[in-house]
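Here's the structure, in C-alpha cells; my notes come after.
Start at 1 with the first residue, then count along the sequence.
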Amino acid sequence: MDKFTLDPKFDQVGLDTLKSFAQAEFTVRFLKKHEVPVGKDLKTMWENIQKWLKGGDMSRCQNLIEYTDELKLWGRQRVFLYDIRDEHKDYLADLSDPNYVRGRVGDAYDKPIYQWEAYEPFLARVKHIENEHTGESELVFKIIEIRMFDLVIDGKEQTFEDRSTNFFIVNLKSGHAELRLQRLPTGAQKRFKEELAIFEELLGKYLDFDKFRPIQLKPVMADLLRGDQYPINRANFARSRNIAPGTPTLLIVFQRIFQHASPTRIAVVREGKQPILGKRRLHFTMYAGNNSVAFDGTAHPSGIHEILQKIVGISRGDVNGPGPILKRGAISKTYQSLEDQPRAQAVVLSAGAIAASIIWIVIEELRERILESLGDWGISGIPLFVLKILAEIIWIIIYYGSDRVWQSFTALKYMSPRQLWKLIKEARQLGDGDNQDDDED
C-alpha cells in the first residue's frame, strides 16, 4: 500500500480515539469545524461522523486522524524533558529554517505519512507551528507506532494493537524540548525505558540529538517538596546506603531518615480551572529514575504546558523558588496529605526533624565522650566539637530556611514509638556491620 494511502482501519481508529475521550466538547468542536450536524447526545454525534466519513473521500478521514492525534496531547502521556546545551544555542536558527528541516526529514515535512504497519516507530509528520498558548514558534515531530499488548479474555490471552501517537516538540526560542510518549496500555510488550531508547535513536537520524541534554528531575522534585507550588499526594524516598560500621546508632537513624533521603517519585495535584474542561484537578507524577512526568486523565494542553514550564524553570534556576532562602515556611497541605506515611512526613518536614535529631546526636556523643573520658575531658576538644555541631545547624538553616526549622521542629513526634524503634533496630544492625542496600520505599 502507498504510504500516502489510508488503510481502511484508520476510519475506525479515528472514531474510536474520539470516543475514548468521552468529552462532548471535543466532538462538538470537530463537527462544527467540518459543518457536520451536531446531535443531542454523543452517540448521535458519533453516528453523524461515521456517515460523514463514508460520504466523502479519504481527506475526511485524514482530517479526523489529524484532529484525534492532537487530542492525544490532552494528558494521558509520559513526558521526557530536554534542554538544548548552552554551547549549541545557535542550532535553533537551523531548526527554525524550513529548508534546513526539509533537507533532514524529506517528504514528512510537506506531507503527512499515513502508514498502519508501524511495529517500530516512524516519523509521520514534521511541521513548524505557533503555539496557541504562548505565541512562540515550535518545531513538532509526530512519531507513530503500533504497540502490541496482551489481554486475557474468557480465560485466553489475546494480542491487540494500539496506534500510538507521540511528539517531540522543540521551542525555537528557549531551546526547551519535550518528548511526549503516549501512555503504554496495560500488558504492553515494551517498557518506557526501552521506548525512550528507541525514540531517541530515531530522532538522532533527523536531529543532532547530542546537542540536547535531558533535564534532571530529582533536584526539581526536592524543590517542589520544600515549596508550596502544588499539593503532594504521595512521595517516595531513597534511603541512605553504605553507612560505615561503628557509626553511632542515633547518627545512623538521622542519616537513614534525613541526611541522604532523596525523592524518587512524587505524585502531585494541580487545582484550577482549565479551558473547555472547567474546574478540575490535574494529577501528574514525577519520576527521578527516568526523568519523566506522567499525566493522568484528560487535561487541557495549556495546563500541562504551565506545569512543564514550571519544572523547566526550576531546573534552570531562573524562576522564584519556594521563597527567600531564610524565610521558607512549613508545609501544611503537603504534610497532611502524607497521612500514614511517617517517613515521607518526616522528610517533607525535614529541617525541624533534623534539628531535633541533631540535639539527640549531641546528647549521645556527649554521653559517649563523658563515659570514655570521665575525669580527663580536656577543654581542647570542646571547641572543635561545638563548631562541628554549629556548622551542621547553620547549614540546615541556610538550606531549608529559618521559618521551616522552627515551625516544623516537632516532625519526629509524628512517628509512632513502634516505627522509631524499628528504625533504631535497623540502625543498630548497620552499626554492627550488617550493611545491605535498602530498596526504595
Results of side chain to side chain contact (heavy atoms under 4.5 Å, CB included) for D150 - residues two or more places apart only
E157, T159, Q189
G135 to E130 - nearest heavy-atom pair and separation
O-CG, 3.5 Å
Is any side-chain heavy atom of F26 closer than 4.5 Å to a side-chain heavy atom of I276?
yes
Are the side chains of S174 and Q309 in touch, meaning some heavy atoms are under 4.5 Å apart?
no
Who passes side chain to side chain contact (heavy atoms under 4.5 Å, CB included) against H34, sequence neighbours left out?
F30, V36, W52, N63
Determine the interplanar angle of the H128 and Y109 rings, folded into 0 to 90°, and report it as parallel if under 30°, tilted if 30 to 60°, perpendicular if over 60°.
perpendicular
Yes or no on side chain to side chain contact (heavy atoms under 4.5 Å, CB included) for L42 and M45, after CA distance, side-chain angles and deciding distance?
CA-CA 5 Å; L42 277 170; M45 288 188 273; 4.0 Å; yes
OG1/T17 to CG/D162 distance, rounded to the nearest 0.5 angstrom?
8.0 Å
Only one of I314, N290, I311 clears side chain to side chain contact (heavy atoms under 4.5 Å, CB included) with L217; which?
I311
Is the number of heavy atoms from other residues, nucleotides or ligands under 6.0 Å of E35 CD greater than 12?
no
For residues I198 and E145, determine if any side-chain heavy atom of one lies less than 4.5 Å from a side-chain heavy atom of the other.
no
CG of L15 to OG1 of T68: how many Å apart, nearest 0.5 Å?
9.5 Å
Is there a side-chain contact between V293 and R78 (heavy atoms, below 4.5 Å)?
no
Between the CZ atom in R213 and the CD1 atom in I84, the distance rounded to the nearest 0.5 Å is 10.0 Å
As an exercise, state the distance from CZ of R265 to OG of S292, rounded to the nearest 0.5 Å.
11.0 Å
Do L139 and V126 have side-chain heavy atoms sitting under 4.5 Å apart?
yes
Which donor-acceptor pairs under 3.5 Å do side chains of residues 298-305 form with protein atoms, sequence neighbours excluded?
{"unit_1": "H300", "atom_1": "ND1", "unit_2": "S302", "atom_2": "N", "d": "3.0"}
{"unit_1": "H300", "atom_1": "ND1", "unit_2": "S302", "atom_2": "OG", "d": "2.8"}

Looking at side-chain heavy atoms only, is the closest gap between L172 and E136 below 4.5 Å?
no
R102 pairs by salt bridge (charged side-chain N to carboxylate O under 4.0 Å, His left out) with which of D107, D94, D110?
D110
From L53 CG over to L64 CG, what is the distance, rounded to the nearest 0.5 angstrom?
5.5 Å
Residue pair F295 / G75: nearest heavy atoms and the distance that separates them
CB-CA, 4.2 Å
Return the set of residues passing side chain to side chain contact (heavy atoms under 4.5 Å, CB included) with Q12 (not counting sequence neighbours), or none when no residue passes.
D16, Q50
Should the pair R76 and F21 be classed as cation-pi, given the thresholds of under 6.0 Å to the six-membered ring centre and 45° from the axis?
yes
Can you tell me how far CZ of F284 sits from CZ of R270, rounded to the nearest 0.5 angstrom?
9.0 Å
Just wondering, are more than 12 heavy atoms of other shown residues or ligands nearer than 6.0 Å to NZ in K190?
yes
Check D90 with K211, please: is the shortest side-chain N to carboxylate O separation under 4.0 Å?
no
Over all heavy atoms of both residues, which pair between R29 and Y67 is shortest? Give the atoms and the distance, please.
NH1-OH, 3.4 Å
Counting only N and O atoms by type, is there a donor-acceptor contact under 3.5 Å from the side chain of N48 to the main-chain atoms of P37?
yes
Write out all pairs satisfying salt bridge (Lys or Arg N to Asp or Glu O under 4.0 Å) with one or both partners inside residues 53-68, taking only residues at least two apart or from two chains.
E66-R125, E66-K142
Between F212 and H88, is the ring centre distance below 6.0 Å?
no
E194 CD: over 12 foreign heavy atoms closer than 6.0 Å:
yes
Verify salt bridge (Lys or Arg N to Asp or Glu O under 4.0 Å) between D69 and R163, making sure each step is shown before the conclusion.
CA-CA 10 Å; D69 279 353; R163 181 178 180 271; 2.9 Å; yes
Closest non-hydrogen atoms of P185 and R147, given as atom of the first, atom of the second and distance, are CD-CD, 4.4 Å
Taking the six-membered ring for Trp, are Y206 and F168 closer than 6.0 Å centroid to centroid?
no
Side chain to side chain contact (heavy atoms under 4.5 Å, CB included) between W74 and Q274, intermediate numbers included
CA-CA 11 Å; W74 293 59; Q274 298 189 57; over 6 Å; no
Sub-4.5 Å side-chain heavy-atom contact between I144 and Q115
no
Quick one: which of R180, Q182, Q77 gives a side chain to side chain contact (heavy atoms under 4.5 Å, CB included) with N166?
Q182
Evaluate the side-chain proximity of Y230 to K310: yes if any heavy-atom separation is below 4.5 Å, no if none is.
yes
Carefully, step by step, assess I169 and I129 under the rule side chain to side chain contact (heavy atoms under 4.5 Å, CB included).
CA-CA 10 Å; I169 304 171; I129 67 166; 6.0 Å; no
For V79 against L308, the heavy-atom pair lying closest together
CG1-CD1, 4.1 Å
What are the two closest non-hydrogen atoms of I143 and P121, and how far apart are they?
CG2-CB, 3.6 Å
Around atom NZ of K89, are there more than 12 heavy atoms of other residues, nucleotides or ligands at under 6.0 Å?
yes
Evaluate the side chain to side chain contact (heavy atoms under 4.5 Å, CB included) criterion for residues L202 and E120: first the C-alpha distance (whole Å), next the side-chain angles of each, then the deciding distance (0.1 Å), finally the verdict.
CA-CA 10 Å; L202 175 64; E120 292 296 332; over 6 Å; no
In plain terms, say whether K127 and E70 are close enough for a salt bridge, that is, a side-chain N and a carboxylate O under 4.0 Å apart.
yes
Tell me, please, which residues at least two apart from K273 pass side chain to side chain contact (heavy atoms under 4.5 Å, CB included).
none
Does N171 reach the main-chain N or O of K173 with its side chain, forming a donor-acceptor pair under 3.5 Å?
yes
